[in-house]
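What follows is one structure encoded as C-alpha coordinates, with my remarks underneath.
Below, chain A is the first sequence line, B the second, and so on; all start at residue 1. Not measured: the values here are computed from a predicted model. Hydrogens, waters and symmetry mates play no part in the numbers below; they use all other heavy atoms, side chains included.
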Amino acid sequence: MLPVKHTTEPTVTGTSVIGIKYKDGILIAADTLGSYGSLAKFRSLQRLRKIGNYTLVAASGEYSDFQYILEVLDELLIDDQQQADGKELQPREIHQYLSRIMYQRRSKVDPLWNQILVAGVGDKDDRIFLGQCDLYGSAFEGDTLATGYGAYIAQPLLRKAFRPDLTEDEARKVLIDCMRVLLYRDARTINKIQIGRVSKAGVEISDPFKLDTYWTNPLFVNPS
Amino acid sequence: MTSIGTGYDLSATTYSPEGRLFQVEYAAKAIDNSGTAVAIRCTDGVVIGVEKLVGSKMLVAGSNKRIYHADRHVGTAVTGLLADGRMLVNQTRSECRSYRSYYGHDIPARILNERMSMYMQKNTLYGAARPYGCGLIIAAYDIDGPQLYAVEPSGLSYSYYGTAMGKGRQQAKSELELLKLQSMNTAQAVKEVARIIHLVHDDV
(Lines give C-alpha, C1' and ligand atoms only; values in the text may rest on other atoms or scores of the structure.)
Protein backbone atom coordinates (compact mmCIF):
# COMPACT_ATOMS: atom_id res chain seq x y z
CA MET A 1 0.00 0.00 0.00
CA LEU A 2 1.16 3.50 -0.80
CA PRO A 3 2.24 5.70 2.12
CA VAL A 4 -0.70 7.69 3.47
CA LYS A 5 -0.47 11.41 4.08
CA HIS A 6 -2.65 13.42 6.43
CA THR A 7 -3.63 17.08 6.49
CA THR A 8 -1.69 18.75 9.31
CA GLU A 9 -2.23 22.44 8.70
CA PRO A 10 -4.14 24.71 6.31
CA THR A 11 -2.40 27.00 3.80
CA VAL A 12 -4.83 29.57 2.38
CA THR A 13 -7.51 30.34 4.92
CA GLY A 14 -10.70 32.33 5.23
CA THR A 15 -11.65 33.81 8.59
CA SER A 16 -15.03 34.14 10.33
CA VAL A 17 -18.42 33.52 8.75
CA ILE A 18 -21.48 34.73 10.67
CA GLY A 19 -25.17 34.11 10.18
CA ILE A 20 -28.52 35.11 11.72
CA LYS A 21 -32.11 34.01 11.13
CA TYR A 22 -34.71 36.70 10.65
CA LYS A 23 -38.48 36.61 10.16
CA ASP A 24 -38.46 35.55 6.49
CA GLY A 25 -35.06 33.90 6.08
CA ILE A 26 -31.38 34.06 6.91
CA LEU A 27 -28.55 36.53 6.38
CA ILE A 28 -24.90 35.40 6.23
CA ALA A 29 -21.77 37.54 6.05
CA ALA A 30 -18.08 36.94 5.42
CA ASP A 31 -15.13 38.93 4.13
CA THR A 32 -13.43 38.17 0.83
CA LEU A 33 -9.91 37.51 2.13
CA GLY A 34 -7.77 34.40 1.67
CA SER A 35 -4.87 34.68 4.12
CA TYR A 36 -1.55 32.99 3.42
CA GLY A 37 -0.50 32.80 7.02
CA SER A 38 -0.12 36.43 8.04
CA LEU A 39 -0.04 37.64 4.42
CA ALA A 40 -3.31 39.05 3.07
CA LYS A 41 -2.71 37.34 -0.27
CA PHE A 42 -6.04 36.77 -2.05
CA ARG A 43 -8.31 39.73 -1.54
CA SER A 44 -11.30 38.84 -3.73
CA LEU A 45 -12.26 35.29 -2.80
CA GLN A 46 -15.89 34.24 -2.95
CA ARG A 47 -16.53 32.53 0.38
CA LEU A 48 -20.32 32.60 -0.01
CA ARG A 49 -21.79 30.30 -2.68
CA LYS A 50 -25.20 29.43 -4.01
CA ILE A 51 -25.97 25.71 -4.12
CA GLY A 52 -29.04 24.83 -6.19
CA ASN A 53 -32.04 27.14 -5.89
CA TYR A 54 -32.59 27.06 -2.14
CA THR A 55 -29.25 26.85 -0.35
CA LEU A 56 -26.29 29.03 0.55
CA VAL A 57 -22.99 27.64 1.85
CA ALA A 58 -20.19 29.74 3.29
CA ALA A 59 -16.82 28.49 4.53
CA SER A 60 -13.97 29.42 6.82
CA GLY A 61 -10.67 27.60 6.80
CA GLU A 62 -8.73 26.08 3.94
CA TYR A 63 -10.02 27.55 0.67
CA SER A 64 -8.85 24.65 -1.52
CA ASP A 65 -10.85 22.21 0.62
CA PHE A 66 -13.87 24.49 0.13
CA GLN A 67 -13.32 24.36 -3.63
CA TYR A 68 -13.25 20.56 -3.44
CA ILE A 69 -16.47 20.60 -1.40
CA LEU A 70 -18.12 22.79 -4.05
CA GLU A 71 -17.18 20.19 -6.72
CA VAL A 72 -18.67 17.41 -4.60
CA LEU A 73 -21.88 19.41 -4.04
CA ASP A 74 -22.07 20.17 -7.77
CA GLU A 75 -21.97 16.44 -8.56
CA LEU A 76 -24.57 15.83 -5.86
CA LEU A 77 -26.91 18.35 -7.44
CA ILE A 78 -26.46 16.89 -10.93
CA ASP A 79 -27.28 13.42 -9.57
CA ASP A 80 -30.34 14.87 -7.84
CA GLN A 81 -31.54 16.44 -11.09
CA GLN A 82 -31.14 13.10 -12.85
CA GLN A 83 -33.71 11.50 -10.53
CA ALA A 84 -36.19 13.62 -12.50
CA ASP A 85 -38.72 13.54 -9.67
CA GLY A 86 -39.51 17.23 -9.67
CA LYS A 87 -37.92 17.65 -6.23
CA GLU A 88 -34.69 19.39 -5.34
CA LEU A 89 -32.40 18.66 -2.41
CA GLN A 90 -33.40 20.63 0.69
CA PRO A 91 -30.89 22.76 2.69
CA ARG A 92 -31.22 20.35 5.63
CA GLU A 93 -30.31 17.43 3.33
CA ILE A 94 -27.27 19.23 1.96
CA HIS A 95 -26.18 19.99 5.53
CA GLN A 96 -26.54 16.32 6.46
CA TYR A 97 -24.58 15.19 3.38
CA LEU A 98 -21.76 17.63 4.07
CA SER A 99 -21.63 16.65 7.75
CA ARG A 100 -21.24 13.00 6.79
CA ILE A 101 -18.35 13.81 4.44
CA MET A 102 -16.63 15.96 7.06
CA TYR A 103 -16.96 13.26 9.72
CA GLN A 104 -15.71 10.58 7.31
CA ARG A 105 -12.57 12.60 6.57
CA ARG A 106 -12.07 13.34 10.28
CA SER A 107 -12.22 9.59 10.94
CA LYS A 108 -9.38 9.04 8.47
CA VAL A 109 -7.39 11.75 10.30
CA ASP A 110 -7.29 13.69 7.01
CA PRO A 111 -9.89 16.39 7.53
CA LEU A 112 -11.30 18.96 5.16
CA TRP A 113 -10.07 21.93 7.16
CA ASN A 114 -13.23 24.02 7.14
CA GLN A 115 -16.07 25.32 9.25
CA ILE A 116 -19.08 25.66 7.00
CA LEU A 117 -22.40 27.43 7.43
CA VAL A 118 -25.34 25.99 5.47
CA ALA A 119 -28.41 28.19 5.15
CA GLY A 120 -31.55 27.78 3.12
CA VAL A 121 -35.30 28.18 2.82
CA GLY A 122 -36.67 24.87 1.62
CA ASP A 123 -40.15 23.81 0.64
CA LYS A 124 -40.94 21.37 3.45
CA ASP A 125 -41.73 21.83 7.16
CA ASP A 126 -38.92 23.55 9.05
CA ARG A 127 -38.58 25.86 6.11
CA ILE A 128 -35.90 28.21 7.42
CA PHE A 129 -32.72 26.23 8.08
CA LEU A 130 -29.37 27.42 9.43
CA GLY A 131 -26.70 24.86 10.27
CA GLN A 132 -22.97 24.46 10.73
CA CYS A 133 -20.53 21.61 10.21
CA ASP A 134 -16.78 21.54 10.73
CA LEU A 135 -13.51 19.70 10.30
CA TYR A 136 -14.16 17.58 13.42
CA GLY A 137 -17.41 16.28 11.98
CA SER A 138 -19.50 18.25 14.47
CA ALA A 139 -22.85 19.34 13.03
CA PHE A 140 -25.58 21.46 14.56
CA GLU A 141 -28.29 24.04 13.88
CA GLY A 142 -28.97 27.41 15.42
CA ASP A 143 -30.78 30.73 15.18
CA THR A 144 -27.41 32.50 15.19
CA LEU A 145 -24.12 30.88 14.18
CA ALA A 146 -20.55 32.01 13.71
CA THR A 147 -17.20 30.42 12.91
CA GLY A 148 -13.65 31.34 13.87
CA TYR A 149 -13.24 34.59 15.80
CA GLY A 150 -16.89 35.25 15.06
CA ALA A 151 -17.79 32.53 17.56
CA TYR A 152 -16.15 34.57 20.34
CA ILE A 153 -16.80 38.14 19.27
CA ALA A 154 -19.90 38.13 17.05
CA GLN A 155 -21.99 35.32 18.57
CA PRO A 156 -22.76 37.16 21.85
CA LEU A 157 -23.83 40.22 19.83
CA LEU A 158 -25.94 38.11 17.46
CA ARG A 159 -27.62 36.27 20.34
CA LYS A 160 -28.46 39.55 22.08
CA ALA A 161 -30.02 40.95 18.92
CA PHE A 162 -31.94 37.85 17.80
CA ARG A 163 -35.75 37.82 17.87
CA PRO A 164 -37.96 35.49 15.81
CA ASP A 165 -39.68 38.52 14.26
CA LEU A 166 -36.46 40.32 13.32
CA THR A 167 -36.80 42.22 10.03
CA GLU A 168 -34.28 41.93 7.22
CA ASP A 169 -33.04 45.49 7.73
CA GLU A 170 -32.52 44.91 11.45
CA ALA A 171 -30.67 41.67 10.74
CA ARG A 172 -28.50 43.36 8.14
CA LYS A 173 -27.57 46.12 10.59
CA VAL A 174 -26.58 43.58 13.27
CA LEU A 175 -24.45 41.59 10.79
CA ILE A 176 -22.63 44.69 9.54
CA ASP A 177 -21.96 45.86 13.09
CA CYS A 178 -20.55 42.42 13.95
CA MET A 179 -18.36 42.41 10.84
CA ARG A 180 -17.09 45.85 11.82
CA VAL A 181 -16.07 44.65 15.30
CA LEU A 182 -14.37 41.66 13.69
CA LEU A 183 -12.51 43.99 11.34
CA TYR A 184 -11.26 45.96 14.35
CA ARG A 185 -10.24 42.93 16.38
CA ASP A 186 -9.43 39.96 14.07
CA ALA A 187 -5.97 40.45 12.53
CA ARG A 188 -6.84 38.20 9.55
CA THR A 189 -9.69 40.27 8.08
CA ILE A 190 -9.98 42.87 5.35
CA ASN A 191 -12.37 45.72 4.78
CA LYS A 192 -14.36 44.05 1.98
CA ILE A 193 -17.39 41.92 2.80
CA GLN A 194 -20.31 40.15 1.18
CA ILE A 195 -23.75 39.49 2.57
CA GLY A 196 -25.82 36.55 1.39
CA ARG A 197 -29.57 36.24 1.84
CA VAL A 198 -31.84 33.20 1.63
CA SER A 199 -35.56 33.69 1.61
CA LYS A 200 -38.67 32.47 -0.21
CA ALA A 201 -37.40 34.48 -3.19
CA GLY A 202 -34.33 32.26 -3.35
CA VAL A 203 -30.64 32.86 -2.81
CA GLU A 204 -28.99 36.21 -3.38
CA ILE A 205 -25.32 37.07 -2.73
CA SER A 206 -24.39 40.74 -2.73
CA ASP A 207 -21.42 42.20 -4.55
CA PRO A 208 -18.49 42.86 -2.21
CA PHE A 209 -18.70 46.22 -0.43
CA LYS A 210 -16.59 48.27 1.98
CA LEU A 211 -17.21 48.66 5.68
CA ASP A 212 -16.92 52.09 7.24
CA THR A 213 -14.65 52.30 10.26
CA TYR A 214 -14.53 55.00 12.93
CA TRP A 215 -11.30 56.28 14.40
CA THR A 216 -12.48 59.49 16.09
CA ASN A 217 -12.36 58.05 19.61
CA PRO A 218 -9.96 60.19 21.71
CA LEU A 219 -8.00 57.06 22.58
CA PHE A 220 -7.00 56.80 18.92
CA VAL A 221 -6.53 60.52 18.40
CA ASN A 222 -4.33 60.91 21.48
CA PRO A 223 -2.93 57.52 22.39
CA SER A 224 -1.13 57.56 25.71
CA MET B 1 -28.23 -10.55 -51.01
CA THR B 2 -29.84 -12.95 -48.61
CA SER B 3 -30.64 -11.60 -45.19
CA ILE B 4 -30.70 -15.02 -43.57
CA GLY B 5 -27.21 -15.62 -42.27
CA THR B 6 -27.51 -19.31 -41.61
CA GLY B 7 -24.38 -20.51 -39.94
CA TYR B 8 -22.69 -17.11 -39.97
CA ASP B 9 -25.02 -15.49 -37.50
CA LEU B 10 -24.29 -17.44 -34.33
CA SER B 11 -21.56 -15.19 -33.00
CA ALA B 12 -20.62 -11.54 -33.21
CA THR B 13 -17.08 -12.66 -34.00
CA THR B 14 -18.05 -14.37 -37.26
CA TYR B 15 -18.24 -12.52 -40.59
CA SER B 16 -20.52 -13.74 -43.34
CA PRO B 17 -19.02 -14.32 -46.82
CA GLU B 18 -20.42 -10.90 -47.83
CA GLY B 19 -18.55 -9.27 -44.95
CA ARG B 20 -21.56 -8.71 -42.69
CA LEU B 21 -21.82 -9.18 -38.95
CA PHE B 22 -25.29 -10.65 -38.58
CA GLN B 23 -25.47 -10.45 -34.80
CA VAL B 24 -24.96 -6.70 -35.01
CA GLU B 25 -27.66 -6.44 -37.68
CA TYR B 26 -30.05 -8.51 -35.56
CA ALA B 27 -29.38 -6.17 -32.63
CA ALA B 28 -30.54 -3.30 -34.84
CA LYS B 29 -33.79 -5.24 -35.47
CA ALA B 30 -34.49 -5.11 -31.73
CA ILE B 31 -34.90 -1.36 -32.02
CA ASP B 32 -37.58 -1.72 -34.66
CA ASN B 33 -39.98 -3.26 -32.17
CA SER B 34 -39.84 -0.33 -29.80
CA GLY B 35 -41.90 2.87 -29.69
CA THR B 36 -40.78 5.58 -32.10
CA ALA B 37 -38.40 8.29 -30.94
CA VAL B 38 -38.19 11.51 -32.95
CA ALA B 39 -35.62 14.25 -32.42
CA ILE B 40 -35.04 17.64 -34.04
CA ARG B 41 -32.05 19.95 -33.67
CA CYS B 42 -33.28 23.55 -33.73
CA THR B 43 -31.66 26.95 -33.77
CA ASP B 44 -32.00 27.32 -30.01
CA GLY B 45 -31.95 23.75 -28.71
CA VAL B 46 -32.87 20.12 -29.37
CA VAL B 47 -36.32 18.55 -29.00
CA ILE B 48 -36.80 14.83 -28.37
CA GLY B 49 -40.16 13.08 -28.37
CA VAL B 50 -40.83 9.46 -27.54
CA GLU B 51 -43.85 7.30 -28.22
CA LYS B 52 -44.49 5.46 -24.99
CA LEU B 53 -46.32 2.23 -25.65
CA VAL B 54 -48.41 1.64 -22.56
CA GLY B 55 -48.87 -2.10 -22.06
CA SER B 56 -51.70 -1.98 -19.57
CA LYS B 57 -54.08 0.32 -17.67
CA MET B 58 -52.49 -0.98 -14.46
CA LEU B 59 -49.24 0.84 -15.15
CA VAL B 60 -48.62 4.06 -13.21
CA ALA B 61 -48.45 7.01 -15.58
CA GLY B 62 -45.01 8.59 -15.69
CA SER B 63 -43.10 5.48 -14.71
CA ASN B 64 -40.47 4.01 -17.01
CA LYS B 65 -39.61 7.27 -18.71
CA ARG B 66 -37.55 6.87 -21.85
CA ILE B 67 -35.99 10.32 -21.89
CA TYR B 68 -33.25 11.00 -19.35
CA HIS B 69 -31.03 13.78 -18.03
CA ALA B 70 -27.40 12.81 -18.48
CA ASP B 71 -25.85 16.07 -17.29
CA ARG B 72 -26.97 19.67 -16.97
CA HIS B 73 -26.53 20.24 -20.71
CA VAL B 74 -27.24 16.73 -22.04
CA GLY B 75 -30.42 14.73 -22.59
CA THR B 76 -30.72 11.20 -23.92
CA ALA B 77 -33.47 8.94 -25.18
CA VAL B 78 -33.37 5.18 -25.72
CA THR B 79 -35.10 2.97 -28.22
CA GLY B 80 -35.07 -0.84 -28.35
CA LEU B 81 -34.40 -3.03 -25.32
CA LEU B 82 -35.11 -0.55 -22.54
CA ALA B 83 -33.18 -2.48 -19.90
CA ASP B 84 -30.07 -2.28 -22.10
CA GLY B 85 -30.94 1.35 -22.59
CA ARG B 86 -30.72 2.04 -18.85
CA MET B 87 -27.16 0.67 -18.84
CA LEU B 88 -26.27 3.00 -21.70
CA VAL B 89 -27.78 5.97 -19.88
CA ASN B 90 -25.73 5.11 -16.78
CA GLN B 91 -22.62 4.95 -18.94
CA THR B 92 -23.49 8.29 -20.56
CA ARG B 93 -23.89 9.86 -17.11
CA SER B 94 -20.60 8.36 -16.02
CA GLU B 95 -18.78 9.81 -19.05
CA CYS B 96 -20.25 13.24 -18.36
CA ARG B 97 -19.27 13.03 -14.69
CA SER B 98 -15.70 11.91 -15.34
CA TYR B 99 -15.10 14.54 -18.03
CA ARG B 100 -16.32 17.26 -15.67
CA SER B 101 -14.12 15.89 -12.88
CA TYR B 102 -10.99 15.79 -15.11
CA TYR B 103 -11.45 18.97 -17.14
CA GLY B 104 -13.71 21.12 -14.97
CA HIS B 105 -16.03 21.70 -17.91
CA ASP B 106 -19.22 20.39 -19.55
CA ILE B 107 -18.41 17.51 -21.88
CA PRO B 108 -18.56 18.67 -25.52
CA ALA B 109 -21.33 16.92 -27.46
CA ARG B 110 -19.08 15.38 -30.09
CA ILE B 111 -16.77 13.93 -27.45
CA LEU B 112 -19.68 12.39 -25.56
CA ASN B 113 -20.95 10.95 -28.83
CA GLU B 114 -17.52 9.53 -29.61
CA ARG B 115 -17.29 7.89 -26.20
CA MET B 116 -20.74 6.31 -26.38
CA SER B 117 -20.15 5.12 -29.94
CA MET B 118 -16.89 3.46 -28.95
CA TYR B 119 -18.56 1.99 -25.89
CA MET B 120 -21.31 0.38 -27.95
CA GLN B 121 -18.85 -0.79 -30.58
CA LYS B 122 -16.88 -2.66 -27.93
CA ASN B 123 -19.73 -5.14 -27.60
CA THR B 124 -19.38 -6.09 -31.28
CA LEU B 125 -15.87 -7.45 -30.76
CA TYR B 126 -16.46 -10.45 -28.52
CA GLY B 127 -18.35 -13.70 -28.61
CA ALA B 128 -18.82 -13.54 -24.88
CA ALA B 129 -20.86 -10.32 -24.84
CA ARG B 130 -23.76 -9.37 -27.06
CA PRO B 131 -24.25 -6.01 -28.79
CA TYR B 132 -26.59 -3.56 -27.04
CA GLY B 133 -30.09 -3.94 -28.43
CA CYS B 134 -30.77 -0.21 -28.39
CA GLY B 135 -30.37 3.02 -30.23
CA LEU B 136 -29.20 6.00 -28.22
CA ILE B 137 -30.21 9.56 -29.02
CA ILE B 138 -27.88 12.19 -27.54
CA ALA B 139 -29.05 15.80 -27.35
CA ALA B 140 -26.59 18.33 -26.01
CA TYR B 141 -26.07 22.08 -25.85
CA ASP B 142 -22.41 23.00 -25.64
CA ILE B 143 -20.22 25.90 -26.64
CA ASP B 144 -20.87 25.14 -30.32
CA GLY B 145 -24.62 25.32 -29.78
CA PRO B 146 -27.27 22.60 -29.85
CA GLN B 147 -26.31 19.24 -31.32
CA LEU B 148 -28.09 15.94 -31.96
CA TYR B 149 -26.41 12.54 -32.34
CA ALA B 150 -27.86 9.08 -32.76
CA VAL B 151 -25.85 5.91 -32.05
CA GLU B 152 -26.73 2.46 -33.42
CA PRO B 153 -25.89 -0.95 -31.90
CA SER B 154 -22.93 -1.24 -34.26
CA GLY B 155 -21.40 1.87 -32.72
CA LEU B 156 -22.04 3.87 -35.89
CA SER B 157 -23.25 7.38 -35.18
CA TYR B 158 -23.96 10.58 -37.04
CA SER B 159 -24.79 14.16 -36.18
CA TYR B 160 -28.31 15.01 -37.33
CA TYR B 161 -30.66 17.94 -37.83
CA GLY B 162 -33.51 15.48 -37.50
CA THR B 163 -33.77 11.74 -36.96
CA ALA B 164 -36.09 8.98 -35.82
CA MET B 165 -35.66 5.46 -34.43
CA GLY B 166 -38.06 2.65 -33.64
CA LYS B 167 -41.29 1.33 -35.12
CA GLY B 168 -42.43 4.30 -37.16
CA ARG B 169 -39.03 5.63 -38.17
CA GLN B 170 -39.51 5.31 -41.94
CA GLN B 171 -42.63 7.43 -41.93
CA ALA B 172 -41.20 9.79 -39.31
CA LYS B 173 -38.05 10.38 -41.34
CA SER B 174 -40.12 11.16 -44.45
CA GLU B 175 -42.09 13.71 -42.42
CA LEU B 176 -38.87 15.25 -41.07
CA GLU B 177 -37.48 15.65 -44.58
CA LEU B 178 -40.47 17.86 -45.46
CA LEU B 179 -39.64 20.33 -42.66
CA LYS B 180 -37.25 23.27 -42.79
CA LEU B 181 -35.24 21.99 -39.82
CA GLN B 182 -32.37 24.43 -39.95
CA SER B 183 -34.60 27.45 -39.38
CA MET B 184 -36.91 25.99 -36.75
CA ASN B 185 -36.94 26.98 -33.10
CA THR B 186 -37.74 24.67 -30.18
CA ALA B 187 -41.26 26.06 -29.67
CA GLN B 188 -42.16 25.11 -33.24
CA ALA B 189 -40.25 21.82 -33.10
CA VAL B 190 -42.13 20.59 -30.03
CA LYS B 191 -45.37 20.83 -32.01
CA GLU B 192 -43.87 19.10 -35.05
CA VAL B 193 -42.38 16.26 -32.99
CA ALA B 194 -45.70 15.70 -31.24
CA ARG B 195 -47.56 15.75 -34.56
CA ILE B 196 -45.17 13.25 -36.16
CA ILE B 197 -45.39 10.85 -33.24
CA HIS B 198 -49.20 10.98 -33.35
CA LEU B 199 -49.04 10.40 -37.08
CA VAL B 200 -46.84 7.31 -36.98
CA HIS B 201 -48.58 5.77 -34.01
CA ASP B 202 -50.16 2.50 -34.96
CA ASP B 203 -53.16 1.62 -32.83
CA VAL B 204 -52.63 -2.12 -33.26
Side-chain angles (χ1 to χ4, degrees), chain A residues 2 5 7 11-12 34 42 44-57 59 62-91 93-94 97-98 100-102 104-105 108 110 112 114 120 123 202-203 205, chain B residues 35 37 39 45-50 52 59-78 82-83 85-109 111-112 115-116 136-143 190:
Chain A
L2 289 167
K5 301 200 75 182
T7 308
T11 314
V12 175
F42 303 105
S44 292
L45 293 186
Q46 292 271 343
R47 296 203 288 125
L48 268 56
R49 298 286 180 136
K50 184 173 160 180
I51 304 289
N53 286 320
Y54 306 123
T55 315
L56 181 67
V57 295
E62 173 62 66
Y63 196 69
S64 64
D65 283 348
F66 183 48
Q67 288 174 320
Y68 169 74
I69 283 168
L70 292 174
E71 266 180 37
V72 168
L73 288 179
D74 197 34
E75 221 182 277
L76 180 71
L77 248 54
I78 290 175
D79 283 351
D80 182 47
Q81 185 194 42
Q82 282 169 181
Q83 302 297 320
D85 57 1
K87 297 189 185 76
E88 206 184 293
L89 278 170
Q90 299 297 296
E93 294 172 313
I94 291 175
Y97 185 78
L98 257 187
R100 293 292 87 224
I101 292 178
M102 304 290 275
Q104 203 180 66
R105 291 289 298 259
K108 295 199 287 191
D110 184 18
L112 292 164
N114 297 107
D123 56 346
V203 181
I205 299 175
Chain B
V46 182
V47 176
I48 306 179
V50 155
K52 266 193 82 184
L59 292 172
V60 174
S63 63
N64 289 74
K65 291 197 164 77
R66 285 174 54 192
I67 304 180
Y68 300 88
H69 287 271
D71 199 344
R72 274 196 286 260
H73 66 301
V74 179
T76 60
V78 293
L82 300 183
R86 266 249 61 148
M87 297 304 291
L88 287 180
V89 171
N90 282 347
Q91 184 63 26
T92 310
R93 288 174 171 170
S94 175
E95 296 290 352
C96 293
R97 202 180 304 136
S98 71
Y99 188 95
R100 185 182 291 281
S101 176
Y102 265 66
Y103 300 108
H105 197 269
D106 300 344
I107 187 166
I111 294 195
L112 177 60
R115 292 199 183 181
M116 289 317 295
L136 187 68
I137 289 179
I138 301 174
Y141 202 123
D142 66 18
I143 205 156
V190 166

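- Note that CG of B/D71 is 8.0 Å distant from CD of A/Q81, once rounded to the nearest 0.5 Å.
- A/I78 contributes atom CD1, which lies 11.0 Å from atom CZ of B/R93 (distance to the nearest 0.5 angstrom).
- Only the side chain of A/E75 comes within contact range of chain B, with at least one heavy atom under 4.5 Å from a heavy atom of that chain.
- Heavy-atom minimum distance, A/A84 versus B/H69: CB-CD2, 4.3 Å.
- Using a 4.5 Å cut-off between heavy atoms, B/R97 contacts chain A through its side chain alone, with no backbone atom that close.
- In A/D79, the CG atom is crowded: over 12 heavy atoms of neighbouring residues, nucleotides or ligands sit closer than 6.0 Å.
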